[in-house]
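Okay, structure first, notes after.
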Amino acid sequence: MRLEPYSSRGKMLIARGIVEGIIKPSRELLRTVAACTMCGYCMYRCALQNVDVIIALRAKLVQLGFFDSGHRKAADMILNYDNPYSKSLRKSVELPMSGETVFFAGCSYVQYFPGKLNKIGEILSRIGGVGWLGPDEPCCGNLLLTSGQVDAFIDYGERVVGKFKEMKVKRIITACPGCHETFLREYPKFFDFDVEVEHLTQLLARKVEEGRLIPRNLNAHVTFHDPCHLARFSRIIDEPRLIIENTPGAVMAEMRHNRLSTMCCGGGGGAPIVHPRLTAKIAERRLGEAIDAGADILITSCPLCEHMLGRSATRKRSQIRVLDIADLF
Ligand code: SF4
Ligand code: SF4
């Protein structure tokens, strides 16, 4: 019973209790509510918009003066340095600094896999017609919203939208499912935002279908980890599989949880900031599914998933390699 508040149902009851004044907010309650990666699995299994309720609950707690210091620090970082990680994070992608279509690098690739942005930049140069916003590229602000700091999200988002307008951006391509979902699903709710949003996986799949891009030879048993935000929120499920099917030598096996019923890597919703051990355990369980599927290579299309699952593989001394879908080119 003590674990129920950690479940989605428990959080729905907490939200109701707070609204009705039956439950009093506390530090302990805040920790419980922070134990959610916003993976959307509960929403997929239930008729409620659970994730929206959890965001509203976090926002209510912030309004009542209860916020996690780690979330607040990350928010200050976004507001002052345009990324949630560090003052010294510098973005760099080898693409022209202009264009109606821009690649939005996001912060997590820069933090965890800066070299991968060169790879993505090189692929996009081959495709042609894609620029980027330059080293002043802002953050999408996802963490401000998911941690309940809605006023800060609105202030910051206005700046982001202003930047897109100033640069005359009509279309964004991003490789991060968090950025993708934030721009696709959240920005239109809050801002006058008329920009087309595409995930890199969609663009790559289209180019593979057209015969303009060919994945490299892999010769391995592979599996695909659907990033929750990409699958459940943005419904991008077939595209990565099309790329893998066209990868010479790749023998694909699905994990137990796949497509819309995918399982989280533990990295989302700001949860690792508050619950590092719990979220590492989630990653471990997900990695276990990839091992059970007999994969030599676990492919994903999210920098946070790659970070969480790759770190778990290192800790478990597993031979499995974790790659991004862009690494297949
Ligand atoms: S972690 Fe996922 S399944 Fe659990 S409450 Fe949060 S969104 Fe729902
Ligand atoms: S980090 Fe990846 S698996 Fe985890 S919540 Fe985000 S998209 Fe989902």
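For ligands, and for the atoms within them, numbers begin at 1 and follow the listed sequence.
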### Query
Aromatic rings Tyr41 and Tyr44: how do their planes relate, parallel, tilted or perpendicular, breaks at 30° and 60°?
tilted

## Note on the structure
Any heavy atom of Met43 under 4.0 Å from ligand 1? The part involved is neither

### Task
Quick one: look up the protein heavy atom nearest atom 6 (Fe) of ligand 1 and list residue, atom name and how far away it is.
Cys36 SG, 2.3 Å

### Message
For a distance under 2.8 Å, tell me if Cys39 has an N/O/S atom near atom 2 (Fe) of ligand 1.
### Response
yes

## Note on the structure
Note: ligand 1 atoms sitting under 4.0 Å from heavy atoms of Ser8 are 5 (S)

### Query
Is any heavy atom of the protein nearer than 4.0 Å to atom 2 (Fe) of ligand 1?
yes

### Task
State whether Glu245 and Arg241 are salt-bridged, where the test is any N-O pair (Lys NZ or Arg NE/NH1/NH2 against Asp/Glu carboxylate O) under 4.0 Å.
no

### Task
Provide the number and element of each atom of ligand 1 under 4.0 Å from a heavy atom of Ile54.
5 (S)

### Query
Any N/O/S of Cys42 under 2.8 Å from atom 8 (Fe) of ligand 1?
yes

### Parallel, tilted or perpendicular, as decided by the 30° and 60° cut-offs, for the rings of Phe193 and Phe164
tilted

### Message
Is there a path of hydrophobic side-chain contacts, each under 4.5 Å between heavy atoms, that joins Val62 and Ile273?
### Response
no

### Query
Considering only the protein, which heavy-atom contact is closest to atom 7 (S) of ligand 1, and what is its distance?
Gly40 N, 3.2 Å

### Query
Is there a heavy atom of Thr37 sitting under 4.0 angstrom from any atom of ligand 1?
yes

### Message
Tell me whether Arg206 is salt-bridged to Glu198, with the criterion being a basic N under 4.0 Å from an acidic carboxylate O.
### Response
yes

### Message
Taking atom CZ as the centre, does Arg159 end up with more than 12 heavy-atom neighbours from other residues, nucleotides or ligands that are less than 6.0 angstrom away?
### Response
yes

### Pair Lys116 + Asp327: basic N to acidic O under 4.0 Å
yes

